[in-house]
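Comments concern the structure below.
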2 protein chains.
Amino acid sequence: MNRRATLKDVAAAAGVSTATVARVLHGNGYVAEATRRRVETAVDRTGYHINAVAQGLRRQRTSTLGLLVPGIIPNPFFASVAHGVEQEAVRHGCGVLTVNTFGDPERERIGVETLLRRRVDALLFTAPRHEDNVRLARAADIPVVQIERKTAIDTLAVTVDNWIGAFTATRHLLDLGHRRIAYIGVDPDRVRHRPGAATHPNVEQDRLSGFQDAMTRAGVPIDNDLVALGSCYYDQATGMSNSIGHDWMRTFLGLPDPPTAVFATSDIFAAGVLQAAYERGLRVPDDVSIVGFDDTYAKFFAPPLTTVGQPMVEIGEAAARLALRDLGSLVGSAERSLGFVTRLIVRASTGPPSHARYLASANNRNLNTVIDDSITSRSDAV
Amino acid sequence: MNRRATLKDVAAAAGVSTATVARVLHGNGYVAEATRRRVETAVDRTGYHINAVAQGLRRQRTSTLGLLVPGIIPNPFFASVAHGVEQEAVRHGCGVLTVNTFGDPERERIGVETLLRRRVDALLFTAPRHEDNVRLARAADIPVVQIERKTAIDTLAVTVDNWIGAFTATRHLLDLGHRRIAYIGVDPDRVRHRPGAATHPNVEQDRLSGFQDAMTRAGVPIDNDLVALGSCYYDQATGMSNSIGHDWMRTFLGLPDPPTAVFATSDIFAAGVLQAAYERGLRVPDDVSIVGFDDTYAKFFAPPLTTVGQPMVEIGEAAARLALRDLGSLVGSAERSLGFVTRLIVRASTGPPSHARYLASANNRNLNTVIDDSITSRSDAV
DNA sequence: CATCATTCTGTCATCGATGACACGTCGGGC
DNA sequence: GCCCGACGTGTCATCGATGACAGAATGATG
């Protein structure tokens, strides 16, 4: 079995024409029962596997989605989205070609060109980095989906409401009685002013606004000393983004009046916060409460972290579905954009501040909240 | 620009034949300077991207690797390996088609067939699940690489020495003065007796043996109450593998003479151990030392975990290189199998047991060890 | 001036599957 | 006996790039 069997080989083995074999393979057209059986045994005997390359050329359809991700390391968020995309694609008989861009516009461009060359049926950008690249994809006349972030180019899109996520998390802390709440996030301005960058949703701005709005509505003043804005979510070189949370938390703890709660806009930032707290011998949530974002690492920490969960797998699935639907009917009949919401997942890292423990009680307003008792039940840890 | 431009379109636009355009594109054969320029502008003007599908059919080579992974969730080990594969593939101008098998033999089979249909140039199995599937791939006459685990079928392979990893970790704890050391791992027998399963290296057996051998050589008896053997690394349904570590640690802590150190064969097991310790108000490493495995989550924990690191990205890269080299020269001139070693990464979760703190000192033998001071320096935490 | 190597370009069969089309054989209804 | 629809099967152009081959033009050499 040196050369792979072709349709022709099978046809010869079964003593029929290639058209008949094709009919058997795809189950369309008329084929006599006896012939069908003869062909089927011939297929088995020759170990024939249809050649998807030739098929793709002929059909002008490869049943392949192209997926661009900034890097599945170190952020498991993208791994989960990619997983969702793959899962949904497989359900539709499609494969997924994944390209890592490392968040670099140039690599992203190369990725787009590679995928266009390979004639993917649709192109999915996760956190697109430069609008020129999205435009390039658009020009190829295939469905394009932007996930999580969106450049100025109009395409299909799947996004998440970050404002409500941040708002709910902050509100949760306020409801517990916290007043000195620190925020560790990324500076919206630095992201905004990158040329060609994604503009909507403005993830960083929305998270910051959600925090600010919750504070303001509760009549709690925001102490600028407690608002830490970095330049990015993780360091490309070292990947050590937890050091960002760690360093800021150390700074906070050096303040005359340190925060009783910290809201970090990523589980990895929160990891650093937790580490700094641990170093000082602080108990969580007894001495300080911590909320993360993403629900990636959160449940593995000690204590398991309260966090703002994003439906990562569902996002990926929705993106794939959007792309594949658009493949079917070119008229954009249904919606071209899907929005998801976050949910606050309450685990064991948040509780009332020590000085206000007495007013704890159950005035914890319910606003899109889930209690995760899976491992360390709340009562267990407090 | 409704239809994508083809070679013919470019040729027409430049007033030459398709052969000439091809020559310009690939830079081989003779082309007059003036013609070359004319063709190049025609390429730009038409927005031409070579059709890799047609190219693949003609050349009988798709420049695509097929990668089977049990699932990039919840285990980031596979995500990192996949990342390495992708990175190396891109360097060689190849793409990667990834299929998740969820560790299910049947899904693995379907994945192999899908990838064979798509005529990938090589097939990489990460933790192959059933030897029949590997055999199926072998029959297709393309390079096959088995990563991390290996079935009875002979192919190219990339593996890691787990024995030395477990041995070193245990030795590290012994050197620190620990005698009551618990082991949380997976039962080698349950894995071994799965039909068609991977047999080499026997990851579970090697890790257990490494632990046992280190203890035995140090003359320390093994308490079977402190050896926990589960059935798998993570629960397919819930993915909550940290509960395994959590539950076992609770059991250990209920013992009359609890362990002073725990060696868990996965960072996620270790996460559960850490959580259980935290619930009891124990300090790490002051009250109990913890060592993990994989170096996936380890550095994000509080305190950052001492762990046995596996060179995940390098493994992926090596696997891709092996596959691609074999593509070039069909004669297996060089080695057909690559072995990697683990390294012990010492962070802040291990220290001398409290009753033996006085004999701590620096008799910490060096055996393939790395000290990671990146965040929480050791002295800082102890 | 003949010869030959070098440079430059075009023609066309091929990779393997597809599906429109044509052709042939039934059996039933008129 | 004729016509028509339902079956059953084969032929062949096509998708787009490739590269072997042939042919043509140019310049150099004896």
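Every chain is numbered from 1 and lettered A, B, ... according to where its sequence line falls, protein lines coming before strand lines. The figures that follow rest on heavy atoms only: side chains count, while hydrogens, waters and symmetry mates do not.
- D9(A) contributes a side-chain N or O that, together with a main-chain N or O of T6(A), makes up a donor-acceptor pair within less than 3.5 Å.
- Side-chain atoms of R61(B) and S63(B) include a donor-acceptor pair closer than 3.5 Å.
- Considering every non-hydrogen atom in both R119(A) and I50(B), the closest pair reads NH1-O, 3.7 Å.
- Heavy-atom minimum distance, M312(B) versus S80(B): CB-CB, 3.5 Å.
- At least one donor-acceptor pair closer than 3.5 Å links the side chain of R38(A) to the backbone N or O of A14(A).
- Of the residues in residues 32-40 of chain A, those with a non-hydrogen atom less than 4.0 angstrom from any atom of DNA chain D are A32(A), T35(A).
- Using modelled atom types, one finds a donor on one side chain and an acceptor on the other under 3.5 Å when comparing Q146(B) with T151(B).
- Here R107(A) pairs with nothing under the salt bridge (Lys or Arg N to Asp or Glu O under 4.0 Å) rule; sequence neighbours left out.
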Just by protein heavy atoms under 4.0 Å, how would nucleotides 14-20 of chain C read 5' to 3' in B, S and -?
BBBBBS-

5'-to-3' dot-bracket of DNA chain C (Watson-Crick, G-U; under 3.5 angstrom; crossing pairs as [ ]; | other strand)
||||||||||||||||||||||||||||||

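- Although no hydrogens or angles enter the test, the distance criterion places no donor-acceptor pair under 3.5 Å between the side chain of T20(A) and the main chain of V16(A).
- Judged as a salt bridge (Lys or Arg N to Asp or Glu O under 4.0 Å), and not counting sequence neighbours, the contacts of R321(A) are E88(A).
- Phosphate contact (OP1/OP2 of dC7(D), side-chain N/O of Y30(A), threshold under 4.0 Å): present.
- No contact: V53(A) has no heavy atom under 4.0 Å from any strand.
- Checked against salt bridge (Lys or Arg N to Asp or Glu O under 4.0 Å), R109(A) has the following partners two or more places apart in sequence or in another chain: E106(A), E113(A).
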